[in-house]
Amino acid sequence: MNRKINSIHLTSLTKTKKLADAIAGYIKNNDCLAIKGDVGVGKTTFTSFLIKKITNSPNLVITSPTFTIINQYNYNNKQIWHCDLYRLHDYNDLVNIGILEPPKNTILIIEWPDLILQYMAKQPLLLCIDNIAAKKRVVNIYSIEEKWQQLSKLKI
């Protein structure tokens, strides 16, 4: 069971980018980041900032994988899979898209992760984004993995 390690309040896109940049510094090959939140809360915006930082490509165009399910970004002989599982229904859907066995050195970033969480060998870093007011969000960060505990000290 994941435990809450931090809660970050965001009041602007600048702060959202700062959070993504900070988390990007901790992400390594074969890591998984799961992002929960209502439609329009900023999951893809956050992911866009994160991927641009990880790949060191500020002009990279990041689009929502709502209809493609997985968007792949290649960098330095590695991959980032940006996934949106909103339209998937069961275990067979996960098997059919290959998300349960991604290539080695792939970073997974998963929006709408509820379906896959029970099948993952290693629990992901979980971000839950909630609207608290107009243009104000709170990001609750959860993990049981020791490597992510450093995020408990993160301030934005």
Side-chain angles (χ1 to χ4, degrees), residues 2 5-6 8 10 12-89 91-130 137 139-152 154 156:
N2 281 320
I5 56 176
N6 205 336
I8 307 286
L10 304 175
S12 67
L13 283 177
T14 300
K15 286 190 174 190
T16 301
K17 183 180 183 311
K18 285 181 182 178
L19 177 60
D21 289 353
I23 290 175
Y26 293 96
I27 294 178
K28 305 292 182 229
N29 291 337
N30 305 309
D31 280 343
C32 180
L33 176 68
I35 306 173
K36 290 184 176 187
D38 291 337
V39 171
V41 78
K43 296 179 298 295
T44 300
T45 299
F46 174 85
T47 299
S48 177
F49 289 137
L50 185 70
I51 292 171
K52 288 176 182 183
K53 182 66 174 183
I54 292 169
T55 62
N56 193 29
S57 301
N59 298 318
L60 185 64
V61 176
I62 308 295
T63 58
S64 173
T66 299
F67 296 104
T68 58
I69 309 295
I70 299 174
N71 289 342
Q72 296 179 20
Y73 302 93
N74 298 309
Y75 74 104
N76 297 335
N77 298 315
K78 300 170 196 151
Q79 290 186 3
I80 297 174
W81 283 13
H82 177 198
C83 312
D84 184 324
L85 306 185
Y86 182 78
R87 298 182 315 119
L88 301 187
H89 302 290
Y91 177 80
N92 289 330
D93 289 343
L94 297 172
V95 171
N96 288 337
I97 65 167
I99 194 170
L100 297 174
E101 296 181 14
K104 187 176 179 183
N105 294 327
T106 298
I107 296 169
L108 291 177
I109 303 171
I110 304 171
E111 297 183 31
W112 303 98
D114 291 330
L115 178 62
I116 197 172
L117 292 175
Q118 65 183 317
Y119 302 112
M120 299 185 83
K122 183 170 96 172
Q123 286 299 305
L125 177 67
L126 176 62
L127 303 182
C128 296
I129 306 173
D130 293 303
R137 301 196 179 12
V139 179
N140 292 305
I141 304 171
Y142 299 87
S143 182
I144 58 169
E145 299 286 334
E146 188 61 36
K147 72 171 274 179
W148 301 114
Q149 300 310 306
Q150 305 169 73
L151 294 174
S152 67
L154 185 62
I156 301 297

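Values below: all heavy atoms of this structure, side chains included; hydrogens, waters and symmetry mates excluded.
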For Asp130, salt bridge (charged side-chain N to carboxylate O under 4.0 Å, His left out) partners two or more places apart: none
Could you pull out all residues at least two apart from Tyr91 that satisfy side chain to side chain contact (heavy atoms under 4.5 Å, CB included)? Val95, Leu100, Tyr119
Excluding sequence neighbours, so at least two apart, what forms side chain to side chain contact (heavy atoms under 4.5 Å, CB included) with Pro102? Trp81, Thr106, Leu108
Contacts of type side chain to side chain contact (heavy atoms under 4.5 Å, CB included), residue Asn6, not counting sequence neighbours: Ile8, Ile141, Leu154
I'd like to check the salt bridge (charged side-chain N to carboxylate O under 4.0 Å, His left out) partners of Lys15; sequence neighbours left out, ordered by chain and number. none
Kindly write out the residues that satisfy side chain to side chain donor-acceptor pair (under 3.5 Å) with Thr63, not counting sequence neighbours, or none if the list is empty. Asn71
Applying side chain to side chain donor-acceptor pair (under 3.5 Å), can you list everything that pairs with Thr55, at least two apart in sequence or on another chain? Ser57
Can you list everything that forms a salt bridge (charged side-chain N to carboxylate O under 4.0 Å, His left out) with Asp93? Sequence neighbours excluded, please. none
Which residues satisfy the side chain to side chain contact (heavy atoms under 4.5 Å, CB included) test with Lys36, sequence neighbours excluded? Pro113, Asp114, Leu117, Leu126, Cys128
Can you list the residues that meet the ring pair (Phe, Tyr, Trp, His ring centres under 6.0 Å) rule with Tyr75, with sequence neighbours excluded? none
Can you run down the salt bridge (charged side-chain N to carboxylate O under 4.0 Å, His left out) pairs that involve residues 51-63, sequence neighbours left out, and say none if there aren't any? none
With sequence neighbours excluded, what pairs up with Lys104 under the salt bridge (charged side-chain N to carboxylate O under 4.0 Å, His left out) test? none
